[in-house]
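What's counted below: heavy atoms across the whole structure, side chains too, no hydrogens, waters or symmetry copies. In what follows, chains are A, B, ... by sequence order, proteins preceding strands, each numbered from 1.
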Amino acid sequence: MNPNETKITPKLVAEHGLKPDEYQRILDLIGREPTMTELGIFSAMWNEHCSYKSSRVHLKGLPTSAPWVIQGPGENAGVIDIGDGLAAVFKMESHNHPSYIEPYQGATTGVGGILRDVFTMGARPIACLNALSFGDPSHPKTRHLVSGVVAGVGGYGNSFGVPTVGGEVRFHTRYDGNNLVNAMAVGLAEADKIFYAAASGVGMPIVYLGSKTGRDGIHGASMASAEFGEGAEEKRPTVQVGDPFSEKLLLEACLEIMAKDCVIAIQDMGAAGLTSSATEMGAKGNLGVTLDLDKVPCREEGMSAYEMMLSESQERMLMVLKPEKEKEAEAIFRKWGLDFAVVGETTASTRFIVKHRGEVMADLPIKELGTEAPVYNRPFTETPKLPVIKATDVKAPMGIVAALEHLIGTPDLASKRWVWEQYDHIIGGNTFQRPGGDAAVVRVLDGPKGLAMTSDVTPRYCEADPFEGGKQAVAEAWRNLTAVGARPLAITDNLNFGNPEKPEIMGQFVGCVRGIGEACKALDFPVVSGNVSLYNETQGRGILPTPTIGGVGLLDDFTKSATLAFKAEGETILLIGGAPGWLGQSLYLRDVCGREEGAPPPVDLAAERKHGDFVRGLITGGQATAVHDLSDGGLLVALAEMAMASGIGAELEAAADPVPHAFWFGEDQARYVVTVKAADAAAMLEKAAKAGVPAQRLGRTAGHALILGSERPILISTLVSRFEGWLPGYMAGSAA
Amino acid sequence: MKSAVVVFPGINRERDMARTLKLVSGKEPAMLWHADTEIPTGTDLIVIPGGFSYGDYLRCGAIAARSPIMVAVTDFAAKGGLVLGVCNGFQILCESGLLPGVLMRNQNLKFICRDVYLKVERSDTPFTRSYNAGQVIRVPVAHGEGNYIADGETIAKLEGEGRVLFRYSSPDGIFDPNWNHNGALNGIAGILNGKGNVLGMMPHPENHVETVIGNTEGRGLFSGLVDHLKAA
């Protein structure tokens, strides 16, 4: 039977994830019943993943411009000017659902997709980061997921040849059925040679490049737009298979033809494959596109138009080439052993026409496919405020020393070396600060500039107070970049939430986005790219709201960047930013007291900026010898990390605070630990006082232990063995 | 020193290697493509860098070992030319028969990227003349299949003839299974061919050559080659 004659039934519509009113919208738009291929195209374009239909109205409020922003959201990746004629190109994207169903391939294709987004813009990827959230360690699937996802992230990046320099790994029971894989890539391009998706010129050849099209990944984007129920594993065939080797060839071939000035427009085939890339190129260029599917290189026999249009086979690109350069471009692709086929042309009609075996399988208005996608201003309820927990109301179940020894070996605080040692983090020869610090630092070309990068979010804060949590995620990224001495420039946001059709989830989303916007404005830290991942729910239970923030900053001289390791004995340790002692939603309260309660620490953005600028000044001025931002676990955990990174201990004055555990483990924001030479200490304290920045002396670096007043000394070696021991032990089968 | 770097599809440390060769020797290396059949006249050193040639979807290095350029490399080596294979390059040299043995999956079945310590066993070779025999150097590794193995007779021969040039060790130069991250037999990290002109090694000396990036202990290998060729 001719597929065009397939009767579109309500059941078919529902199977394509389209609601009855959305289907009515299609009927109204095209004035007839769609063909089967057209129905597939609409389902691919109008799902949540591609259309941002639930999130779009709220994303509009985010600040996206600054003098150094070359390209904000809306292209494959954001682009910022870093001087010397160079631009940093970056984006973060989720691959959550596929990574739960098939962890290795789900993670690899997540990395592959984000790398493609970056080199599609004309940039050579110079670094990757990965933010991973897994379920409770005691959940029976967690080990399998950690093992598969980490191997997949490494398997792709290592082979492709990009250093994976940072990221985060967390565990929480709310990710049990729905782990998160957020992959970020950063690339480097010449600022005046950025490539975009918009086609131009009528009758221009549209060229298909890269790997062949297969049946893998059909409806992947639709799957990513629905909750998981029982039997999620049955969706395994919708997970694509990654081929980093082909992607490496595609990278080299693309950069080569871009350098030869052959390209008018380029778009990678990611979610919704050929459909999304072809319509985007046409729509952005005010042109129509006609595709002849008989020309598409296929991996399998007998593929239908429907299958080709929805395939999410990886490592593919669509380009509009300058006609006179077609032969030259083809020779380059042949040299790299990649497919090259002219599969269509641009037209003046603004129609999207798909032909196959002599028949028109789809004939749709190209712009409306994007612009007429449903937009929902979904009802939301604001998350109720939680009570502020007074430090004096939190009884310490154990002493300070015992609490530190416990915390440092908990899943969220323990070393993630087991993870990042599976990633090649040095390839390229430019990794100056490797994983394990506040932010990674990668040299730009031959220097002296360097890019600092980090990814951050504290989901438990976002759950307790979405607005403050959203602010905090941005502030922490800004702080981590500052702590290495970089000037924070811009962020990419990867917003992971549950089902937006539930008002309370939508309330989390709205609150977090508002918080992000507020912090970005206050810190001059615009959003230049991003991705929204909704429906992260399994059997009706949502994940913790997780708006991951990927931040990028610039160092004028990477060799002057600060690291967190203590540098020498006898230096003075300063706390910048005060110690009010906020225990609500702290790891101390959760992992020592067993209480996941209260309002999270508020974020004072003016203080954040003032304290950060002060610390950055100490770094660029050469006075700070070691710097670490304070976040999860608070002051004493930060000091322990500085000691462990160096093997040098510290003698700390006992807390004068009436609640010592709040002083040592409170998670107040806008704070740093800085060491300075003893002779500089008084001058630095005076400088802080003049700048209106709270600063106090904590003690001095010394010996091989942390000594807190009269408490039992804590040997660094004991801390290291707990810190480094947990994850390898857990993965080897020790009880969680 | 006139050097050449061989690029197979999927090789990914060719840029690191070329940068290091330029840095240490002052001269840009020639980049040779896998389909090339000739080595440029006057080449002193051919380097096969790291990466995942042809995706390493088959046995690591197996396809690269059979590509056109390797005929020329084999011929170059037979005439006494210096050949260095690093990581995937080492695997390719083993697969092409220029070196004995094979690199298996790491003992823990995982890719490992970290700094390791190597004991330099000899200093009387073109590759190690900048080091002292017994010296320990810190260089990074980044591989999933670096677990060297060969039959007993081959190992005995390699050890007997002093062809094990680098051995994983503790920071004090002691062979210790805890410091042998991939489980290689006898901690073998790098070996020479019988004539002493072909070296294969798993670690990446080319990534530890610049003071500004933090560590320079891999630089001696390249500066030694430059000195050797000057002296020759």
Proximity breakdown for B:Glu210 and chain A, heavy-atom pairs closer than 4.5 Å:
side chain
Contact origin within B:His208 toward chain A - heavy atom pairs under 4.5 Å
side chain
Below 4.5 Å from any heavy atom of chain B, which atoms of A:Phe160 appear? Answer side chain, backbone, both or neither.
backbone
Interchain contact, B:Tyr54 with chain A, by part (heavy-atom threshold 4.5 Å)
both
Toward chain A, the part of B:Asp16 with a non-hydrogen atom under 4.5 Å
side chain
Under 3.5 Å, side chain of B:Arg19 to main-chain N/O of A:Gly428, donor-acceptor pair present?
yes
With no hydrogens and no angle check, is any side-chain donor or acceptor of B:Asn12 less than 3.5 Å from a backbone partner on A:Ser159?
yes
Take atom CZ of B:Arg59 as the centre, draw a 6.0 Å sphere, and report whether it contains more than 12 heavy atoms from other residues, nucleotides or ligands.
no
Proximity breakdown for A:Arg417 and chain B, heavy-atom pairs closer than 4.5 Å:
neither
Heavy-atom cut-off 4.5 Å, strictly under: side chain, backbone, both or neither for A:Ile426 against chain B?
both
Do A:Met731 and B:Lys110 have side chains that approach each other closer than 4.5 Å (heavy atoms only, starting at C-beta)?
no
Please rank A:Val162, A:Val150, A:Asn430 by heavy-atom pairs under 4.5 Å with chain B and give me the top one.
A:Asn430
Using a 4.5 angstrom heavy-atom cutoff, name the option from A:Val441, A:Ile427, A:Thr559 with the most pairs to chain B.
A:Ile427
Where B:Ile213 and A:Phe558 come nearest, the two heavy atoms and their spacing
CD1-CE1, 3.9 Å
Looking only at heavy atoms, which two atoms of B:Ile11 and A:Lys248 are closest? And how far apart?
O-CE, 3.1 Å
How long is the gap from CG on A:Asn158 to CZ on B:Phe52, to the nearest 0.5 Å?
5.5 Å
Per-residue contact mode, A:Ser147 against chain B (heavy atom under 4.5 angstrom)
neither
Within a reach of under 6.0 Å around CZ of B:Arg105, are more than 12 heavy atoms found that belong to other residues, nucleotides or ligands?
yes
Where do A:Asp424 and B:Ala142 come nearest, in terms of heavy atoms and distance?
OD2-CB, 3.5 Å
Is there side-chain contact between A:Lys335 and B:Trp33, with at least one heavy-atom pair below 4.5 Å?
yes
B:Phe111 and A:Tyr423 have their tightest heavy-atom pair at CE2-C, 4.3 Å
Looking only at heavy atoms, which two atoms of B:Asp115 and A:Arg434 are closest? And how far apart?
OD1-NH1, 3.0 Å
